[in-house]
Structure formats: C-alpha cells, structure tokens
Number of protein chains: 2
Amino acid sequence: MVSKKYVYFFDEGSSDMKKLLGGKGANLAEMTNIGLPVPPGFTITTEVCNLFYELGEKYPEGLEEQIDENLKKLEERMGLKFGDPENPLLVSVRSGAAVSMPGMMDTILNLGLNDKTVKGLIAKTNNERFGWDSYRRFIQMFGDVVMGVEHAKFEEALQAKKDKKGVKYDTELTAGDLKELVEEYKKIIQEEKGTSFPQDPKEQLKMAIDAVFRSWNNKRAITYRNLHDIPHSLGTAVNVQAMVFGNMGDDSGTGVAFTRSPSTGENEFYGEYLTNAQGEDVVAGIRTPKPISELKKEMPEIYEQLMQIREKLEKHYRDMQDIEFTFQKGRLYMLQTRTGKRTAAAALKIAVDMVNEGLIDTKTAVVRVEPQQLDQLLHKQLDPKAKEKAELIGKGLPASPGAAVGRVVFDADAAVREVEKGEAVVLVRTETSPEDIQGMAVAQGILTARGGMTSHAAVVARGMGKCCVAGCEDIKVFEDKGYFTVDEKKVKEGDWITLDGSTGEVFLGKLPVVDPEITGDFEIFMKWVDEYRKIGVRANADTPRDAEVARKFGAEGIGLCRTEHMFFEEGRIKAVREMIVASSEEERRKALMKLLPMQKNDFIEIFKVMEGLPVTIRLLDPPLHEFLPTEDEAIKEIADDLGIEFRELKATVVALHEMNPMLGHRGCRLSITYPEISEMQARAIFEAAAELTKKGYKVIPEVMIPVVSHVKEIKILKEQIVAIAEKVMEEYHVKFEYKVGTMIEVPRACITADEIASEAEFFSFGTNDLTQLTFGFSRDDFGKFLPDYLEKGILEKDPFATLDRKGVGELVKIAVEKGRRTRKDIKIGICGEHGGDPSSVEFCYLIGLDYVSCSPYRIPIARLAAAQAALKEEKEKEEAKAAS
Amino acid sequence: MVSKKYVYFFDEGSSDMKKLLGGKGANLAEMTNIGLPVPPGFTITTEVCNLFYELGEKYPEGLEEQIDENLKKLEERMGLKFGDPENPLLVSVRSGAAVSMPGMMDTILNLGLNDKTVKGLIAKTNNERFGWDSYRRFIQMFGDVVMGVEHAKFEEALQAKKDKKGVKYDTELTAGDLKELVEEYKKIIQEEKGTSFPQDPKEQLKMAIDAVFRSWNNKRAITYRNLHDIPHSLGTAVNVQAMVFGNMGDDSGTGVAFTRSPSTGENEFYGEYLTNAQGEDVVAGIRTPKPISELKKEMPEIYEQLMQIREKLEKHYRDMQDIEFTFQKGRLYMLQTRTGKRTAAAALKIAVDMVNEGLIDTKTAVVRVEPQQLDQLLHKQLDPKAKEKAELIGKGLPASPGAAVGRVVFDADAAVREVEKGEAVVLVRTETSPEDIQGMAVAQGILTARGGMTSHAAVVARGMGKCCVAGCEDIKVFEDKGYFTVDEKKVKEGDWITLDGSTGEVFLGKLPVVDPEITGDFEIFMKWVDEYRKIGVRANADTPRDAEVARKFGAEGIGLCRTEHMFFEEGRIKAVREMIVASSEEERRKALMKLLPMQKNDFIEIFKVMEGLPVTIRLLDPPLHEFLPTEDEAIKEIADDLGIEFRELKATVVALHEMNPMLGHRGCRLSITYPEISEMQARAIFEAAAELTKKGYKVIPEVMIPVVSHVKEIKILKEQIVAIAEKVMEEYHVKFEYKVGTMIEVPRACITADEIASEAEFFSFGTNDLTQLTFGFSRDDFGKFLPDYLEKGILEKDPFATLDRKGVGELVKIAVEKGRRTRKDIKIGICGEHGGDPSSVEFCYLIGLDYVSCSPYRIPIARLAAAQAALKEEKEKEEAKAAS
C-alpha cells in the first residue's frame with residue numbers, strides 16, 4: 001500500500017497550501033519557488049499532527065520513510081550529512097500552524113549536534129567557542145523543550161559557571177568553559193530524567209518532531225487559540241530546515257522586519273536586527289536590537305538585497321509582509337515571510353495606500369482590515385491637554401496604540417484577580433512571556449522594560465488590540481518586590497499609571513481619556529465598506545449623547561433604546577420607587593405621571609438627533625426589585641425619603657424578591673400586570689413624536705415590547721399602544737408613522753414566531769437573553785464554569801460574545817422563517833451584544849436579517865463585518881459557479 | 001339574504017349537537033325526541049354567544065326574527081301567549097354551555113310576568129299568593145341578574161317586611177304582603193338603576209338573553225373554566241323554555257336525581273326532592289331536601305314514572321344520567337338530563353357494571369373514567385385505627401370521598417392566604433357559593449353545615465376530586481366571628497380538624513392518613529386499560545419505598561431516580577458538605593468515598609424492587625449551594641460540625657451564591673468541573689448492579705446525565721462512565737446491560753438533538769425545566785403573574801401542569817425527530833411532572849415517545865390517559881376513513 005504524502009520538500013509546496021503545510025511551511029515553499037534565498041528543508045503536514053493525536057501520540061504508517069527520503073534530499077542539496085563527524089548537517093525544527101501563533105509553540109535549533117559532530121562544526125568554522133556554544137545551546141533547548149527538564153536547572157549551572165569564572169556575561173565564557181558546561185548539562189539531563197541526552201541525530205529529530213506536535217496542545221497554546229478564536233482542530237505542521245547561523249561572528253546576524261510600518265502603516269521598511277545572534281534572541285526581547293536603518297550603514301549590500309526582497313515580496317503577496325532573515329558570514333537567508341500583523345491604523349493606511357498604488361482593488365482593501373481591530377481606532381485616546389500637565393515618568397516604544405489607565409500589577413494572576421474585583425489594571429513586566437497571556441487579556445494595557453517592537457509583549461498586544469508600551473528602559477521592574485523604579489521614584493503595586501500606546505509615553509496617575517476622531521483614511525475606507533455592505537446597521541443608544549456618537553459613526557437608526565436606563569437617573573428614581581410601593585392603581589398612576597414629562601423629554605432629544613431615522617424604543621424591561629435596594633441600611637434611607645415606614649418598604653422588597661430574576665416578573669409581564677406603566681411610556685413616546693412632527697421633524701418611533709413568549713401578550717399590549725397613538729395624534733392634530741413590534745429573546749417566541757408575527761410589525765432578536773435561555777446559562781453565574789468549558793473544548797467560544805450558530809442561531813433562523821411566513825415584509829433585526837461581533841454579523845447577514853444593532857463604538861466594526869460577509873458570500877458563489 | 005339558523009326548537013335538535021346547542025339544549029332536544037315529557041322551548045346557539053362578543057355585545061342580523069318565530073311556535077304549542085293578560089306564557093331563560101358549569105352562570109325564571117299577566121296567572125291558578133310570590137321572585141331575580149341591582153337590597157326589603165309582620169319565614173307572608181313587596185322591589189330598581197322594571201315581556205326576554213351571554217364572561221365563570229380546563233371560546237347557548245311550577249302547592253315539587261349513585265356507583269336510583277319548591281331551591285342548598293325514596297311513599301305514581309324514565313335514559317344514553325325534574329299539580333316534567341358527575345369510585349363501578357350488564361363494551365368503559373379522577377382513589381384515606389380513638393364531633397353527608405386534614409378557615413380569601421403561607425386548611429361554611437371556588441380549590445377539604453349531596457359544595461368538590469362533608473347540621477358556623485360550634489364546644493379559626501369524605505365524619509384534631517388499597521373493580525378496569533395502552537409508563541421514584549408503591553401501581557420501570565434526594569438524608573449531608581468545602585480534589589475524593597457505600601446501598605435496594613425492569617438514575621443535579629444554609633446562625637452550626645472556621649464556610653456560601661440558580665452551575669456542569677462526583681456516582685451504580693447480577697438478579701441501570709446543552713458535555717461524561725462500567729464489570733467478573741443517556745431539558749439540547757443522539761442512548765424530557773427555559777418563566781417566581789395570565793386569557797392552562805404543545809411541545813417534537821434521525825432506535829421518554837397529566841400523556845403518545853414517567857400515585861392516571869389517547873386516535877382514524 002502506498003501511504004499518503006505526509007512530507008513536502010520546500011520546492012513541492014506553495015502559499016496556497018497553508019492548511020496542509022502551515023503558514024510558515026507554505027511561505028517557505030513559496031519563497032523558494034519565487035527564487036528567494038531560503039535554506040532548504042521540508043515540511044511535515046498538519047494532517048500528521050491530527051493523526052498523531054488520533055493514534056495516541058504515534059506516527060502514521062509510512063511517515064518515517066518519507067522523513068528519511070526528504071532528509072536524504074536535504075543532505076544532497078546541502079552536500080552535508082546528518083551525523084557526519086566531518087560534514088554534519090544541522091537543522092532547525094519549528095512548528096507552524098495555518099494561523100500564526102507567535103511564541104506559542106516550541107522550536108529547536110542546532111539539531112544534529114552531538115559529541116562527534118560538534119568537532120566537525122568546529123573544524124569547518126574554525127571557531128571552537130562557536131561550536132561549543134552551539135552545542136551547549138542545543139542541549140539546553142532540547143533538554144527543556146523536548147525532554148522536559150526545568151529551564152532553571154540549566155540557567156543555574158550557567159550562572160554557577162559564570163560565578164566561578166568571575167564573569168558577568170555569557171559572552172565572557174571561553175570555549176573551555178562551554179565545553180565543561182556541555183558535560184554538566186548532560187549530567188543534569190541524566191539526573192533529572194534518568195536517561196541520557198540522545199547522541200543519535202535521527203533520534204534527536206524524532207523526539208523533536210514529537211515535541212512540536214505535543215506543543216500544539218500545551219496549556220498556553222490552547223489558551224491562545226481560545227483567545228483568538230482559532231479552531232483546535234487545525235493542527236501544526238513541523239518544518240525541518242537546514243541551519244544557518246547568525247551567531248558566527250560580526251559578519252553574521254539575524255533580524256525581523258515589516259515591509260511597511262505595522263504601527264502606522266507608513267510605506268517604509270521597518271525592522272530590527274542583532275549581529276552575532278540567533279533568531280530567538282530578537283523575538284524573545286532579551287537584547288534590545290538595532291533599527292534596520294543602521295544595517296544600511298553597517299552592511300549596505302545585505303541591506304540592499306533586503307530592500308529588493310521587500311519589493312519582490314510585496315508585489316508577489318500584494319500585502320504587507322513580516323519577514324525573518326539571517327545572514328551568515330555576509331550571506332543573506334530568508335527564514336520566514338508571512339502577512340504582517342498590524343494596528344488598526346496601519347491596516348487602514350496600508351489598505352488605502354495599496355489601492356492608490358494600484359496593488360489591490362477596493363474589495364480586497366475592505367477584506368484586509370479585521371473588523372475587531374477597528375476597536376483600537378475607535379476607543380480611548382489620552383486627552384492631549386491633560387498630558388501636558390501630567391507627570392511623565394518614562395518613554396518606551398509605541399508598541400500598540402490606544403490609551404490605558406489602571407493600577408499597577410506585576411503578574412498575570414494578580415491582573416486576573418484584580419480585574420475580577422472590578423479594578424482596571426496595567427500589567428508591568430520586565431518582559432512578557434506566553435505565561436502572561438491571560439493577564440494581558442484582562443489588563444487595560446501592558447508596559448515592559450525590555451524588548452522591541454516585535455517582542456512578545458508588542459506582538460501579542462497588537463493582536464489583542466490592546467495598548468502597549470514596550471522596551472521602556474527608563475524603568476526597572478522588581479516583580480517579586482511589588483514595585484518598579486524610575487530614577488529614585490518607586491511606583492508600587494496598586495498605584496495608578498497611564499500609558500499612551502501611540503507615543504510610548506508613561507504617566508504617573510490617572511489621566512482622562514477622550515473619544516477618537518474619525519478622519520482621512522478611515523472615511524475613505526468606510527465609504528468603500530458601505531458600497532459592499534447589504535445589511536443595515538443601527539445603534540443601541542439610550543441617551544441623546546449615545547445617539548449622537550452613533551450617528552457620527554454611521555448608524556442608520558436606533559435599534560434599541562432602553563427606557564429603564566432613564567429611570568435610574570437622579571430626580572427620577574424617586575418617582576419610580578413611589579410607583580413601585582404604590583398600593584393602588586391610582587397611586588401608581590400618580591407616580592407615573594411624574595415620570596411622563598421626563599420620559600417625553602428624553603424621547604424628544606433622541607428623536608431630534610436621529611431625525612429621519614427609525615428609533616426603536618423598548619418598554620420597561622427589568623424586574624421592579626432592581627430599582628430598590630436590598631440592604632436594610634439603604635431601605636431605611638429610601639423609606640425616609642419616600643415618607644413611608646421602613647417595615648412597609650422592607651415588605652415590598654421581600655415581596656418583590658425573586659429566586660431567578662432572569663425568569664421573573666419582567667418585560668411585558670410587568671405591563672400585563674400594571675397596564676398603566678406601558679400606557680405612560682407609550683404616551684411619552686407618542687407625545688414626543690407628535691410635538692416634533694408639528695415642528696416639522698420627521699420622526700419614526702418603533703415601540704418594542706420585551707420578553708414576549710406568547711402572541712396574546714403582544715396582542716393585548718399592542719391594542720393598548722395603538723389606541724394611545726391614535727389618541728395622541730388626534731389630540732395634537734398630526735399624523736406620524738410608527739410601528740409596534742417585539743423583542744424575540746425567549747425560545748418560545750422563536751418557536752411560535754408565526755403566531756407572534758400576526759401582531760408584531762417587527763422582530764428584534766435579543767440574543768443576550770436568548771442565549772441565556774437556550775443554553776440555560778445565567779450570564780451572571782456562567783463565569784464559574786466557562787473557563788472549564790473553554791479549556792475542555794466543550795465550547796469553542798464564549799456564546800455571549802459570538803452567537804452560537806448551531807443552537808441559538810438555529811432558533812433565530814426558525815423565527816425568521818416562521819415570522820416571514822406570516823408577515824412577508826416584517827422588519828427583522830438583532831439588538832443583543834452580538835450585533836457588534838463580526839462572526840455574528842456575518843450570520844445575521846446570511847440568514848437575511850434587515851439590520852444589526854450594536855453599541856455606538858462598535859458600529860464601524862459592524863459595518864465592516866457586514867461588508868466582508870457580503871463579499872465572502874459573493875466570492876463563494878463565484879467559486880461555486882467556477883467549480884460547476 | 002337568508003341568515004344562518006341561530007335558533008332551534010327543541011324538536012329540531014339532538015344530543016349530537018352539544019357544541020352548537022350546549023349540553024342542556026341538546027339533551028332537552030334529545031329527551032323531547034325520545035318522547036319524554038319536556039316542557040317545550042327553544043335554544044339560541046353558542047355561535048350567537050361568540051358573535052355577541054365579536055359584534056360588541058350586539059345580536060347578529062336575523063336573530064331577532066328567528067326568536068320571534070320560535071316564540072310564536074312555543075305559544076302555539078302551549079296555547080298561551082306571551083304578555084297575554086289572560087293566558088300568559090311564562091318562560092325560563094337558562095344558560096347552557098357544551099360543558100357543564102354548575103351554578104356558574106345565570107338563570108331567570110317566571111319571565112313574562114308583569115303587572116297585567118300576574119293577574120292572569122292568579123286567575124288561572126286561582127292562587128293569589130302563588131301569583132304574587134312568582135312575580136316577586138321574578139323581579140328579584142331579574143333585578144339582580146339582569147339589571148345588576150345588589151341582591152342584598154331585595155333581601156333587606158324582604159326582611160323588613162317579615163319584621164314588620166312579626167314573622168320568621170317567607171312562607172308566612174300573605175298575598176297582600178307579597179303584592180306590596182312587588183311594588184317595593186320595583187321602587188328599588190328605579191332608585192338603584194334610574195330606570196324602571198320593564199313591563200314588556202319581549203323586552204324582558206331580550207334583556208335576559210343578553211344577561212346570559214354576558215354571564216359567560218363573568219369572573220366566576222372564567223375562574224371555573226380556568227380551573228376545569230374549559231376553553232373560553234366555547235360560548236354558552238340560551239334555552240328559553242315554557243315554565244312549569246314546582247311551587248304550586250303540595251302536589252307540586254321539584255327534584256334532582258342520578259340514575260345510579262354518583263358517590264359509590266351502586267345501581268340504585270339516587271336523588272332528592274322538595275315539595276312546593278322551585279328548582280333553584282334544591283341546587284342552592286338553602287333547604288335540605290328529602291331523599292328520593294320518600295317520594296315513593298309520598299307520590300308513588302310520579303316515582304314510578306321517574307323509574308321508567310330512569311331506565312329509558314340509561315338505555316338511551318348508555319351512561320349514568322343526572323336529571324332535573326318538576327311536577328306541577330301531579331304532572332311530571334323533565335327539565336334536564338346530562339351525563340352525571342361522579343366520584344372516581346363511582347365512575348369505576350359504573351363502568352365495570354355497565355360492561356357486565358352488556359350496556360357498553362370495555363373500550364367505552366375505558367374512555368368513561370376521567371384519568372384525573374383516579375387521584376381520588378389513590379390518595380389519602382383516614383387510618384381506621386386512628387379514627388376509633390379520635391374525637392368525632394359531627395356527621396354530615398359523604399359528599400365527596402377522601403380525607404382532609406387542615407386548619408379551619410371560614411372564607412375563601414383566608415384559605416388562599418393561609419395556603420400561600422404553606423398551611424393546610426379545611427374551608428368551613430354554612431353553605432358555599434360560586435364566590436368560594438378559589439378557596440375550595442386550595443383547601444384540603446370542605447365542610448358545610450347546610451345543603452345536600454347535590455348542593456353547590458358537593459358538586460364542585462366532586463368535580464375537583466376534593467374531600468367534602470356537606471349538610472353537617474350538627475355544627476353552627478359563625479363565619480364573621482371566626483368559629484363554629486358543636487353543642488357547647490367552639491372550634492376556632494386555626495384549629496385542626498379532619499374530615500372523612502367517604503363517611504361524612506368530622507373529627508377534632510389532626511388524624512393520620514393512610515395510602516389506599518387497590519382491589520376489585522379497579523384491577524379489572526386497569527387490565528382493560530392496559531389492553532388498549534400502547535405507550536410505556538414508568539415512575540419517578542427516589543427511594544425503595546417509592547419504587548415499591550410504583551411497582552404496585554403498575555410502573556414498568558423507573559424513569560427518574562433523583563440521586564440528590566439521597567444526599568439530604570441524615571448521616572449523609574455531612575459528607576456532602578465536606579465534599580463541597582473541600583479545597584482540593586483529594587479532599588473532595590475523601591468526602592465522596594464516604595458517600596459511595598451509602599449511594600451503592602440505595603441503588604441495591606431500588607434495583608431489587610425493580611428487578612427485571614430498567615431504572616434510570618440521574619446524576620447529581622442541583623447547584624451545590626442547595627446543600628448549604630444561607631443564614632449565619634446555621635452556617636455557624638454547620639461549620640462547628642465540620643470542624644472548620646465560620647469564616648471559611650461563610651466564604652464558600654458566598655462564593656457559591658448564584659443570581660439565577662436555575663441557570664447556574666448545576667447538572668452535568670458540576671461533573672465537568674468536578675469529574676470525581678460523577679465518577680463516584682457511576683461507581684456506586686455499577687457496583688450495585690454488579691453485586692446483584694452476581695446474586696442472580698436482573699438489573700438494567702440507565703445512567704442519565706442532566707442539563708446537557710452541548711453534545712461535548714455528554715461525550716466527555718459518557719466516556720468516563722463507560723470506562724467505570726467496564727472496570728467494575730472486570731473487577732466483579734460479571735456482565736450486565738446498561739445505557740448512558742441524557743435528560744433533554746434545555747432548549748439547545750432540543751435544537752441540537754441530532755448531535756446529542758450521536759452519544760446519548762436514550763433521551764428523557766425534563767419538561768419542568770424545559771418549560772421554564774422555553775417560556776423564560778421561573779417556577780418559583782411565576783406565581784406573581786400567573787393569575788393575571790390566566791384571567792386575561794393569555795394562557796389557557798398553567799404550562800407547568802399541562803404541557804404547552806405549541807411552544808414546549810414543538811421543541812420536544814423537534815428533538816424527537818432530530819434524535820431519531822441520528823439514532824433510529826433511541827429510547828425516548830418524559831420524566832417531568834407532565835408525565836402524570838392526561839393531556840400531556842396524550843401528546844407524548846401522539847409524537848411517538850416510548851414511555852412517560854410520573855410520580856407513583858399518578859401511574860394509574862398515566863396508564864388510563866395513555867389508553868384513552870390510543871383509543872381516541874383509533875377512533876379519529878376510523879372516522880377519517882369513514883369520511884373518505
């Protein structure tokens with residue numbers, strides 16, 4: 001039986017084969033094929049990774065033979081031999097999934113060295129110190145990554161050696177020292193693992209490949225995938241590549257670069273390098289590298305060659321590339337190219353520039369910017385005036401833009417703990433490592449003392465759209481002591497600091513932040529977006545201010561105006577409470593009459609801002625006990641305020657208490673029991689509409705009835721609301737358009753949507769509550785088991801952030817179909833928080849909703865996601881057509 | 001345009017036309033047609049009632065003409081004329097829906113009397129007192145029922161007259177007194193309503209018909225329909241019938257009777273009558289009537305005629321009949337026949353006897369007994385030994401069997417209030433009226449001082465299957481003073497009493513009750529039931545005792561064994577709490593190991609009882625905080641008991657608190673977080689099974705995983721459970737059958753049932769939780785708005801009692817279809833409380849479930865409901881076949 005092809009030599013692959021070869025492997029193949037100087041090598045496919053797990057950590061049949069064949073081909077290309085004492089072939093073994101997961105998985109360099117081949121390396125390079133250092137590094141990496149010996153054990157031995165020699169830096173150790181260290185390292189492995197360091201290069205290779213596959217499922221990789229919505233089923237490929245050395249002296253070096261600025265998008269070569277260093281030294285952020293511009297002076301030929309490669313890559317890939325290179329004794333090698341991660345600002349600028357340069361069309365530009373990323377552009381910036389007066393304590397690299405204000409914490413656990421308490425924190429570290437991921441995810445921003453623009457902290461923060469100042473060498477961080485210093489000043493855990501990720505500035509204290517301005521590239525880009533977008537975008541906005549922001553960001557109406565938020569305002573809450581404690585309908589009406597003019601005025605202001613656009617107003621939704629306190633102290637105070645007995649108010653609080661408020665006396669159920677509440681609200685809405693209509697405004701109110709589970713609920717309330725509308729129009733002698741519809745947020749409403757549509761003129765899916773009820777997950781309590789559910793892979797994503805298509809989405813689909821069956825032209829939207837989530841917006845587009853509604857700041861995200869969904873569908877249709 | 005036929009003369013109808021003519025009208029027609037002596041009349045259809053409401057309380061086109069025509073026909077038949085001063089036709093106007101609603105709607109007698117016709121009546125009967133009394137009664141009834149004058153106003157005038165005359169009883173008033181009273185009554189109407197009592201008989205008739213239609217939607221009728229699951233859309237018919245008089249002297253009278261005993265089912269004529277009385281006097285329970293046997297002596301001819309009618313009716317209807325009759329001056333008239341309400345014992349006996357008598361076949365017998373009714377037979381009886389020693393304080397009529405133990409209350413509101421507090425109450429009244437319905441519904445039983453076996457209290461209580469002792473003349477009830485007396489003894493509100501509804505005995509104090517025995521007719525009947533039943537019936541049973549009862553009642557397995565109920569038992573709860581406060585997996589395992597032998601032993605006992613039958617065991621379901629107290633006092637005590645700090649336990653309680661426990665960390669979510677819990681439970685189940693299998697028992701455990709919302713939850717837990725099963729079988733060297741399945745109680749589980757069925761070997765619908773989540777109704781909080789929902793007709797029934805077919809039922813159907821698509825032979829049942837509700841059982845049968853599971857005492861009900869569902873379907877298929 002001929003087995004499947006599991007291994008591809010670089011010249012057999014291409015950039016289309018990312019799923020099979022991983023991103024790194026596919027691009028190494030592509031670069032090889034377009035003639036760039038890539039050290040030869042081969043890729044073991046991602047399929048093997050999945051088989052490896054399916055077979056219980058074993059290789060599939062035929063794999064070993066294929067590895068051997070490719071190894072042989074590699075030896076021939078290089079004119080070297082694996083394990084040959086004179087001409088030893090050395091290789092790197094690297095992971096590489098279809099999606100980039102920087103620093104998440106393991107890498108082994110210098111593989112192939114052993115007690116014999118090290119001598120061959122020394123002889124060939126005529127550099128004894130280099131040979132032993134390479135061997136020492138290999139054993140350390142292999143011992144740690146492949147054999148599972150604690151990293152610190154090797155570090156201790158290294159430190160002991162330096163102490164013994166009385167030196168400070170590794171570079172001060174001699175060849176002899178390093179040779180001794182090799183022996184000590186081997187002993188450590190023997191002691192720790194009870195087995196010796198393997199001398200056979202083929203065994204080394206097999207063990208390294210195993211380790212890479214295993215690293216796919218280590219905890220930090222799983223966390224990273226969960227955070228970045230990467231399916232666990234992708235698997236990683238393994239790349240085995242001939243070694244080239246950046247640490248063979250001062251004519252050697254290694255670097256990383258972006259073909260354009262990943263921070264601003266400027267069309268300038270942007271990168272960093274280190275001479276006499278191996279690649280990992282740059283990425284790990286241990287030494288601060290030099291800007292690429294210096295390479296022009298230091299090694300002009302290499303620089304010129306890189307500039308040519310930059311142009312070739314951009315023309316070929318038609319996108320900004322993130323590259324890794326090494327030069328060994330003056331010769332340049334490309335080790336990686338991939339689409340470069342970028343800030344939102346950069347993504348926008350690159351997309352717009354590339355259209356202008358004729359590299360891409362506007363469709364491509366629209367697809368290039370990740371919707372989620374826009375958040376960075378749309379959120380907080382520091383108030384420039386406040387900055388002038390603030391205490392600037394340091395300046396680092398502007399690694400990821402935005403602003404962060406929070407209390408200082410020094411480790412990921414503390415970050416998580418404080419954020420759970422409701423604190424805002426800034427994570428401060430000498431440098432970050434993958435263990436810090438969870439802390440970074442919850443922090444407002446990240447500040448590191450070391451590392452460059454491509455350090456771990458910088459790359460991860462940009463990916464998260466999180467503010468980051470990296471390599472701020474003005475500060476010294478003492479994580480274990482709980483403070484950092486700037487000159488003489490100590491900043492302790494819990495102190496407030498503020499970061500400006502766009503400038504790299506670090507301030508002491510809590511600075512005010514301002515909303516972003518939208519101009520230039522953004523406007524051009526959003527115009528393209530709207531050309532391709534086919535679904536409406538509205539805002540969830542409760543105040544005139546929200547409505548203004550929403551309109552500025554392109555909202556085409558309000559999809560959800562929550563009236564209860566107005567009830568909590570100063571001066572109103574008292575009337576609300578009077579209504580609640582009222583012992584008769586009459587008293588209740590009296591209290592409601594106090595609220596009427598206030599509510600009416602709110603609506604007038606909102607209608608004005610949204611002139612000409614529909615405004616969907618939801619009737620009172622929360623259970624009444626939310627307006628009362630539960631502590632005796634507060635009850636007493638409010639009872640005094642209302643002029644009633646403590647006992648009376650306490651009795652009301654007790655009577656209103658609910659076991660499961662989520663499933664309690666709320667939404668339209670309130671107005672069924674107390675029709676005077678919806679009566680007042682409807683009157684406030686329609687009087688506001690009538691008054692403005694008289695003044696010549698065009699207002700389009702849509703009254704939304706929440707928590708409907710039965711058609712008769714909406715039937716009863718619609719009758720009431722329509723009567724009030726007619727009456728108000730008569731009183732004011734005007735006519736205006738209006739609609740009465742319902743929120744669909746209860747499974748029964750989905751299942752009986754055909755009945756409900758006989759009354760409802762529109763549906764708006766409240767997917768927050770619908771998700772709670774469909775799963776039986778309380779959003780308030782879900783945090784207790786969500787981490788287990790993500791870790792065990794039960795859920796791939798938090799269903800409150802991204803709509804669960806199979807369960808909740810299926811109910812939504814059923815409701816859309818049934819609703820349209822009864823009322824063909826029923827207007828259908830979504831106003832849960834999913835309305836601002838790109839994947840959920842795509843789903844809403846695909847099932848034919850008329851609009852999505854989201855918070856004002858997410859409107860551009862929703863617009864872009866909607867355009868991308870339409871383009872994706874168009875592309876798939878074209879592909880299907882082409883295939884048929 | 002010819003209008004629709006809205007009015008049927010009695011000889012135009014038949015008993016098939018109940019839907020159109022109402023039960024009373026259809027049966028009057030039928031009796032007319034089989035030659036029984038029925039006073040002529042006509043029926044206005046139920047369709048008119050619905051049109052009346054649709055048209056805003058107006059008559060449809062053509063109705064008045066049809067009434068006139070039929071009135072003319074009636075005049076001709078009677079040789080009398082409406083409004084004729086010499087030969088006046090008098091009629092009764094009575095409501096009559098398709099379903100009997102005794103005393104719920106209004107009736108007007110003697111209609112047609114006015115200042116002129118009263119003289120004609122007097123002349124014809126030569127009885128002045130009778131004439132004026134009839135007129136007085138008519139005005140009083142008309143004023144109250146039709147014109148809405150307070151009943152008390154007339155009573156006051158009547159009392160004043162009696163006081164003035166120095167007499168005690170109405171009968172002591174003279175013709176002159178009554179004539180004066182007529183004038184006073186007319187004045188009352190004028191004063192109260194500002195309009196005079198109508199003298200035109202046609203106007204009287206129209207107003208009376210309106211009033212009957214309006215009475216369909218009075219509050220007590222709506223309540224009655226809600227309580228009895230009668231659709232509000234049925235409407236009532238109106239019957240207009242020539243008057244006959246039971247109050248024309250001692251050779252006149254009126255009575256009601258059952259063709260067999262409605263209490264025991266004995267084949268004996270059973271009824272009561274009053275001489276010189278109108279029909280309402282019997283039903284209202286104001287005078288205590290004489291047993292029918294006395295009629296044999298008093299008026300043997302009438303009695304003989306009645307006996308013949310009795311036989312004719314039973315042969316004709318092939319069922320026990322409830323009849324009303326009047327004799328006027330020695331001539332018998334039939335006023336009503338309908339299927340008689342009966343106790344469960346009577347229903348059983350009549351069904352079995354009629355099969356033996358050849359009147360009906362077993363299929364008919366099975367359909368004759370209402371499943372709900374069996375509850376009466378299966379619940380509480382007084383312990384005969386305790387009765388011997390108890391203090392018997394009185395004896396009344398055994399109006400409705402069973403036993404009731406509760407605290408005395410004297411009005412319906414108090415009953416409702418006390419029951420809401422958790423008290424058991426017995427409602428004690430001089431006599432009951434429709435206003436007492438809600439109090440009767442919540443009380444354990446009803447005791448009245450006046451009224452017979454057919455009094456309001458007796459009829460309603462039998463309908464409700466509620467214990468009732470009526471007409472206990474030993475007691476005197478002072479409702480307003482809050483006590484009743486027996487001789488010298490005072491029994492006050494709040495005192496405990498006990499009723500025996502099967503004997504009519506009333507005891508002081510709280511007597512113990514015992515479970516019923518099943519024998520004789522019941523067994524014969526249930527054998528017939530099982531012949532027609534096609535769906536399995538299992539029990540929800542948590543203890544060996546429950547399991548025994550269940551098996552005795554015919555359970556074919558256990559459908560739900562809730563393991564957490566075992567956790568609450570003395571001696572275990574401590575170990576459960578140790579598990580909860582454990583700070584490590586190791587500690588948790590230690591606590592669980594203490595529970596293992598106890599759980600195992602429970603399962604051994606249950607398996608033994610259910611030998612040969614499947615036992616479905618649900619893994620731990622409730623959130624852990626349910627096992628801990630919330631009050632500081634109790635926390636302190638338990639902390640001491642566990643030997644930990646108060647603060648530590650308090651912290652655990654706080655940490656476990658949930659906003660919405662219904663949607664919290666429960667069900668399989670617990671075992672996902674703490675796999676050692678399901679591990680212990682699975683081990684206990686399988687070790688029990690293994691041990692018994694070794695001893696030769698056949699055990700069939702089915703492990704049920706609760707609250708599944710995602711296939712991966714069951715995948716992970718099933719893997720664990722199967723591994724434990726395999727291991728235990730290996731350890732014990734035995735093999736036994738077992739299944740692993742899931743409860744379907746979350747909407748997402750229904751929607752993704754195809755995925756879940758890839759793992760689950762059975763589904764069991766937990767329709768309690770599914771109803772909560774589908775509606776978004778918390779069962780604990782729903783009581784706050786359920787009454788409004790029923791009253792406003794939003795819900796026809798409590799969805800937690802009867803499965804909501806359109807919403808919850810649709811989800812169940814989806815799940816069944818999807819589940820079977822993946823796994824053709826998947827076993828599917830239901831274990832929510834709906835499993836014991838007849839309508840829900842029918843639904844489960846219709847959608848093809850394999851079994852229903854319910855509480856042990858409801859098993860016969862479920863069996864019968866299942867048989868009836870199958871017979872109903874068979875009949876419908878036959879009818880459809882016949883029609884095609």
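Lettering follows sequence order; numbering is per chain, from 1.
Partners of B/K806 under the side-chain hydrogen bond (donor to acceptor under 3.5 Å, both in side chains) rule, at least two apart in sequence or in another chain, are A/E755.
Highest contact tally toward chain A, considering only B/H657, B/R748, B/K712, B/M662, is held by B/R748 [criterion: heavy-atom pairs under 4.5 Å]. Between chain B and the options A/A655, A/A749, A/P661, A/P623, heavy-atom pairs under 4.5 Å are most frequent for A/P661. Highest contact tally toward chain A, considering only B/V708, B/T774, B/L811, B/V808, is held by B/T774 [criterion: heavy-atom pairs under 4.5 Å]. Chain B forms the most heavy-atom pairs under 4.5 Å with one residue out of A/I751, A/I794, A/D804, and that residue is A/I794.
For chain A, the nearby part of B/L795 is the side chain; its heavy atoms alone come within less than 4.5 Å. The contact between B/H665 and chain A is made by backbone and side chain atoms together, counting heavy-atom distances below 4.5 Å. Neither the backbone nor the side chain of B/F782 comes within contact range of chain A; no heavy atom of the residue lies under 4.5 Å from a heavy atom of that chain.
Residues B/E817 and B/K813 are not paired through a salt bridge, judged by the lack of any N-O separation under 4.0 Å between the basic side chain and the carboxylate.
For the side chain to side chain contact (heavy atoms under 4.5 Å, CB included) with B/P747, the qualifying choice from B/L773, B/I814, B/D769, B/T752 is B/L773, the only one to do so. Among B/N217, B/I230, B/L790, the single residue meeting the side chain to side chain contact (heavy atoms under 4.5 Å, CB included) criterion with B/I222 is B/N217.
For the residue pair A/E658 / B/S778, no side-chain donor-acceptor distance below 3.5 Å is found, with atom types taken as modelled.
A donor-acceptor contact shorter than 3.5 Å is absent between the side chain of A/E713 and the backbone of A/C668.
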